[in-house]
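Worksheet: one structure, shown below.
In the text below, chain A, chain B and the rest are named by the order of the sequence lines, each starting its count at 1.
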Amino acid sequence: MPDTEALTPRSLDSVRVRSVFLAMLKARQLETKLASLYKAGKIVGGVYLGKGQEAVSGALGAALDPNRDVFAPLIRDQAGRTAFGEPLIDCTRTYLGSVRGPMRGRDGNIHRGRPRERIIAMISHLGAEVSVVAGHLIASRLRGELEGRVGATCVGDGATSTGAFHEGINLAAVERLPLVILVANNQFAYSTPNTRQFACDRLMDRARGYGVEGHEVDGTDFLAAVEVVGGAVDRARAGHGPQMVVANLLRLTGHGEHDDARYIPDELRTGPLGRDCVAVAREQIVAAGYAAAAELDQWQADIEEEVQQAIAEAQRDPKPDPWKERWQALSDERGLFGGRSEAAEPTEPAESAP
Amino acid sequence: MPDTEALTPRSLDSVRVRSVFLAMLKARQLETKLASLYKAGKIVGGVYLGKGQEAVSGALGAALDPNRDVFAPLIRDQAGRTAFGEPLIDCTRTYLGSVRGPMRGRDGNIHRGRPRERIIAMISHLGAEVSVVAGHLIASRLRGELEGRVGATCVGDGATSTGAFHEGINLAAVERLPLVILVANNQFAYSTPNTRQFACDRLMDRARGYGVEGHEVDGTDFLAAVEVVGGAVDRARAGHGPQMVVANLLRLTGHGEHDDARYIPDELRTGPLGRDCVAVAREQIVAAGYAAAAELDQWQADIEEEVQQAIAEAQRDPKPDPWKERWQALSDERGLFGGRSEAAEPTEPAESAP
Amino acid sequence: MSVNYVDAILAAQDTLLREDESVFLYGQDISRFGGAFKATKGLADAYPGRVLDSPISEDAMIGVAVGAALNGMRPIIEMQFADFSSIAFNQIVNQAATHFFRTGVEVPITVRLPSGGTPGSGPFHSQSMEAIYSHYPGLVVVAPATVSDAYHMLIQSVKLDDPVIYCEHKFLYRWLKASSINGDGLPLGAARITRPGKHATIVTYSAMVHEAVRAAEMMNEESGWDIEVVDLRTVKPLDMDTVLASVARTGRLLALGEAYPWGGVTAEVVARVAAEGFHLLDAPPRRLNSRDTPVPYYPDLWASHRPTPESIRVAMRELLSF
Amino acid sequence: MSVNYVDAILAAQDTLLREDESVFLYGQDISRFGGAFKATKGLADAYPGRVLDSPISEDAMIGVAVGAALNGMRPIIEMQFADFSSIAFNQIVNQAATHFFRTGVEVPITVRLPSGGTPGSGPFHSQSMEAIYSHYPGLVVVAPATVSDAYHMLIQSVKLDDPVIYCEHKFLYRWLKASSINGDGLPLGAARITRPGKHATIVTYSAMVHEAVRAAEMMNEESGWDIEVVDLRTVKPLDMDTVLASVARTGRLLALGEAYPWGGVTAEVVARVAAEGFHLLDAPPRRLNSRDTPVPYYPDLWASHRPTPESIRVAMRELLSF
Ligand SMILES: Cc1ncc(C[n+]2csc(CCOP(=O)(O)OP(=O)(O)O)c2C)c(N)n1
Ligand SMILES: Cc1ncc(C[n+]2csc(CCOP(=O)(O)OP(=O)(O)O)c2C)c(N)n1
Ligand SMILES: [Mg+2]
Ligand SMILES: [Mg+2]
């Protein structure tokens, strides 16, 4: 099995290209606001952005089918989440602690999901979602429903050093699952550069060792990202087993917004990996005629509105009240005690995704 | 870095060849007796043999320098231990629970070592020793004593699926440590065949993904084993970073002596992997003139004696007495409580290795 | 015909697989081989494709279970030994246990832990990890002591919508036999009075129930003491009603367990009785656990590392003489 | 000039690196970056080659520490957050903790766990794991509550020949300041009476010492109660002499902790006082822990998930009214 299975070159579907870019714009806009809210002290804990990684993340989210695929986004996947269909307000509600958000103030920032709608709610421990997505797919297979479905998750360069990543991808390969793992190699794990994280020439070299197909892409090159990531999803869906996509790029902000990322050398920032994929995308889209510049400007304006509304609404939302909270980690305590405890879950129902 | 860096072909050193074979014979003989003792109910818990794996294991132990290298043998490394210098009686004492053994009855069978003499005492959890050996080497480097030293450990095909293995080898690669990892691919992990353990064509393909040099060898071919394993140790010692050696072979017995290994198909047993490396070695040695058949017969007789003595002595040894045991998991409780507890460790000192 | 403890576990899994299509089994060597202890023997043939061998990847095994549970299944994971669940610790306590609280979505997985010591099993094949998992919110932890409980509690565990850590005792696997599997209708979470008595209460669980009963019988024969033995069955959550009612009758408590002495079930039981039933106690409550060292290999050491009928009687005599 | 809690940790590591060549530091982002909390700031430059960045491999990080310790070193491992030590759980409890008992050879490693909650840190960056590690034989577990203890206990931990789990509280890092680092000569394993009193004893540790003192001061002002606060400092082994002496004076005990309620330090303290000091108690001993759920993200939820001066006062009033 070749590492660099050439993806059938094809002219990219215009709907796909546009939908990826739309998600990227929304993510960028939303995250810019989140950063401001953090600086203004309106968000506590931390804010983690995907700035610079929108192209590959969005390309993945857009290639998935929200009606049947399962997706475990990670730290820097606002674009992928949006493309997959997570409403923006899930993000703002989670950051701001609204009881109407999917996490109801119990968990925050990027630790959100809608498991019933097949968006896995990540835990912090890196690498841990790979096997969860594998299990989700195994369940579909056991029911005879796997055909045509795909699971996807994202990790960073740093997360490839975790045992969880290794166990998960190896297991997925053994089971030959339609799992796409997008490795966003942004050159750093927090402050730690690739040189202190792994010693192989290219992370893509791992693919052969797992017996999965591997693909490498310049994550700053929008059209390439859409093509390569989309192609990997197609191959997984077509039954070629797990796909590992390594995207080379740079995080264009700190690890979190508390971090000035001074450890990233200027040469990198000003080099090819430092290109802003959103700017590149805009140029490529206009140049290739997927959309006119004026249309994109209009998108930008519409998004501004949408983002503003997602923030305003989440800010107005009720926040959790410790006195009303059901302090209960088990769902089934009723069953367990034959009715001794009777509280129902949740107190204030989260709104469901459209 | 090429995966299959060709090892400089050389005529094998006769002293090395003979020492490997001697260790193999001792291991085979000792383990045969252990199996009998187990069947006779004289050993409780379990007996785990290296039958069929003696060539690669012995080749590794003999290539290491017991005066400076560190070795973490695993389940099936009686030959490697013996070649490295672990006295046979450490084995019998540990299996029989003698207080004079290095584990003093506190741990058993293959869970033994002499950490002060750089034989790591494995825990059961597979993969866990890789990083321990790495840490040992890092300590030598910190003191400026790493030059010329090597660390080595063994794992099975099954252990390559552990997160611990992955984290350990990756870290060793990042630190470019002189670590040799011998993967004895005996086709099964307990009853689980390779097909349910990994999906790559060859485990050796992992080496490139870690950025380490990889070598593959037919573990039933004695001379090849001595050459390839010895060559990997030489390359590690010479500063070429971690070396991963994958040896293909078959376990010629059960997982433990309780296991009849019926799950191993006859084709495998009677095929090339089913060859007995001890028989192959004998033929090769005689054919190449490293030793005459009569001399080897004499070795066999001498070993019989030595093994018998190691068993007899361990059987005569005092066994642990719960009433005399120091039930204390901390070494330093005295320091911690300013002298409140005063027991010294150990009650009955283990004899030290020659 | 008799049925032993491990047969009951096998039978429960058979029942579950037969009656519920969402049940499947995942673990090392559990398929054709039938598992290290034969607790899944024959199931791979009876339920093709639903009993899967995993790689040696405990962390991923629990990840798989969680993912499958989120997709409508009720997986049972066999750890080859409880001790190896240390590798899956993160997925159990952080992924599975927190999920319902965080998202409102249940994770109905059952993790079978072959627990406890046997002669010669040594430091890494003998551990009792119930205290570790009980500490974490979001897990139910059970530890059946009888053949029938082994059966019913496994079925109940799998039916529960929360993650359950099912601690099965290896020493009981073949040693403990019953003429048949009976039900007494007790739900998970309810303790049982295994041996009624009036002079003192031993609260315990799993294999130690049998050592406690043996000690109680001996003390009855030797000196007429009548000791009540309470089998907790579920260690998290604890059935304090039954425990307190027993202590109310006897006035004396020994909390007994095979796990390490610091913290754990005996500490929780004594602390809760002291707090909630202080006035019921006629004597200081006592605890008896294993020694505070790893579990030793050599059978004589092992046997006196854990509580024995003898050490239980010593503790009880001191308790009764107060 | 004042020195805060995290400065003290930095200073202790500086002292250790300066005075002992066998000390080195290993952890994620601890080298030039100085660590997520800046607890190693400047050390990489001051001690070239002795402060090493690790990959994101907690299991291997502890393996490295054990291997290095077996080869004569005294490594200090920084976990980025205590919560991530769940990945290293196996290496800590099975490799490091068992080694001395099994082989007679010491493993002098120190694992620094940035522990406890802060507003907005959520379920996976807030955990208190002292109960988990204390359960296992072979580990020493400490949890300093003061700036000076943070300094001295880290130095003592690294000097100890056994593996030490050093739980440092993130909330105290910059919030807790002292004018300078003082020593009171207390060894590891000894508790301290932080606030002498006569009506009741609060036994606690780490950040909760400060909440207990605050509650005690309030109760003194409000109604003249004089509450003694005992800071355990070391949670395994426990200094029961100091605890029992305090309970002997006051007759009343509240065990207080920020960790999850099932098992843990408060259970062990109450169980041991009930067993060893039953006659000293004038009222049922009480416990106050966090709620039995994961630690929530939203600051208001977080604040009432852990004990507060208010909830401590409620518990104390009930204790005193008995
Ligand atoms: C197991 C584990 N260890 C440590 C951390 C703390 N941590 C959070 S993000 C991060 C860096 C992640 O780097 P990478 O995987 O490259 O992703 P990136 O942040 O660059 O997108 C670290 C160390 C964690 N979340 N999980
Ligand atoms: C982490 C872990 N999980 C499970 C086990 C139980 N176990 C002991 S040996 C073994 C099979 C090992 O297979 P392999 O690594 O191929 O070595 P081999 O026995 O074939 O030499 C298993 C599953 C273990 N020791 N450690
Ligand atoms: Mg990164
Ligand atoms: Mg094998």
Side-chain angles (χ1 to χ4, degrees), chain A residues 43-46 94-99 101 103-112 122-128 155-166 188-199 255-256 258-259 261-263 319-323 325-330, chain D residues 26-38 44 52-61 63 80-81 83-91 117-127 260-262 290-306 308 310-311:
Chain A
I43 293 175
V44 282
T94 304
Y95 267 107
L96 291 162
S98 158
V99 293
M103 312 310 278
R104 296 159 293 151
R106 293 177 174 187
D107 208 340
N109 49 63
I110 53 189
H111 300 90
R112 65 183 188 272
M122 65 174 274
I123 67 171
S124 297
H125 300 70
L126 296 167
V155 294
D157 42 294
T160 65
S161 301
T162 64
F165 168 82
H166 172 75
F188 289 86
Y190 208 156
S191 76
T192 304
N194 279 184
T195 49
R196 294 291 304 167
Q197 198 69 244
F198 52 81
H255 170 65
H258 61 279
D259 171 27
R262 257 186 300 178
Y263 45 80
K319 300 304 179 299
D321 175 349
W323 300 101
E325 189 68 25
R326 181 172 179 249
W327 291 104
Q328 172 61 41
L330 294 179
Chain D
Y26 194 53
Q28 292 156 25
D29 305 295
I30 65 167
S31 183
R32 294 299 299 277
F33 189 63
F37 299 102
K38 302 298 160 214
L52 305 175
D53 280 337
S54 75
I56 305 180
S57 300
E58 284 81 4
D59 180 279
M61 283 159 61
Q80 199 153 82
F81 285 81
D83 316 52
F84 301 131
S85 75
S86 56
I87 311 287
F89 179 64
N90 179 58
Q91 292 280 12
T118 56
S121 55
F124 308 116
H125 292 74
S126 303
Q127 294 175 23
Y260 300 132
W262 196 103
S290 86
R291 299 193 194 246
D292 197 25
T293 72
V295 185
Y297 160 75
Y298 193 67
D300 287 359
L301 291 184
W302 169 73
S304 73
H305 180 266
R306 71 204 289 254
T308 59
E310 291 65 42
S311 66

Under 4.5 Å from any heavy atom of chain A, what part of D/I87 do you find: side chain, backbone, both or neither? side chain
Okay, A/H258 and chain D: the region with an atom under 4.5 Å from a heavy atom over there is neither
Under a 4.5 Å heavy-atom cut-off, does chain A meet the side chain of D/S86, its backbone, both or neither? side chain
Hey, are the side chains of D/Q127 and D/Y260 touching, using non-hydrogen atoms and a 4.5 Å cut-off? yes
Quick check: does any side chain N or O of A/D259 sit under 3.5 Å from a backbone N or O of A/H255, one acting as donor and the other as acceptor? yes
Heavy-atom pairs under 4.5 Å with chain A: which of D/F84, D/F81, D/Y297 has the most? D/Y297
D/D53 side chain vs D/I30 backbone, donor-acceptor pair below 3.5 Å: yes
Contacting moiety of A/A159, where chain D heavy atoms sit under 4.5 Å: backbone
With no hydrogens and no angle check, is any side-chain donor or acceptor of D/T308 less than 3.5 Å from a backbone partner on D/S311? yes
Part of A/I123 lying under 4.5 Å from any heavy atom of chain D: both
Regarding D/E58 and D/Q91, do their side chains bring together a donor and an acceptor under 3.5 Å, going by distance alone? no
Top residue by heavy-atom pair count (under 4.5 Å) with chain A, among D/S121, D/P123, D/S57? D/P123
Flag side-chain contact, heavy atom, 4.5 Å: D/D300 against A/W323: no
Taking A/G97, A/A329, A/G105, A/G45 one by one, which has the highest count of heavy-atom pairs under 4.5 Å against chain D? A/G105
Salt-bridge test for A/R106 and A/E325: reply yes if a basic N is under 4.0 Å from a carboxylate O, no otherwise. yes
Do A/T192 and A/Q197 meet the criterion of a side-chain donor-acceptor pair at a distance under 3.5 Å? no
Most chain A-contacting option - heavy-atom pairs closer than 4.5 Å, from D/G122, D/P299, D/S304: D/S304
Does any backbone or side-chain atom of A/T94 lie under 4.5 Å from a heavy atom of chain D? Answer side chain, backbone, both or neither. backbone
Which portion of D/A60 sits near chain A, non-hydrogen atoms under 4.5 angstrom: neither
Okay, D/H125 and chain A: the region with an atom under 4.5 Å from a heavy atom over there is side chain
Which answer fits A/L330, side chain, backbone, both or neither, if we ask what part of it has an atom under 4.5 Å from a heavy atom of chain D? neither
Keeping A/H125 on the side-chain end and D/D83 on the backbone end, is there a donor-acceptor pair under 3.5 Å? yes
Which region of A/Y263, side chain (C-beta onward) or backbone (N, CA, C, O), has a non-hydrogen atom less than 4.5 Å from a non-hydrogen atom of chain D, or is it both or neither? side chain
Any side-chain heavy-atom pair from D/L52 and A/R196 closer than 4.5 angstrom? yes
With chain D, the option among A/G158, A/S124, A/G163 that has the most non-hydrogen atom pairs under 4.5 Å is A/S124
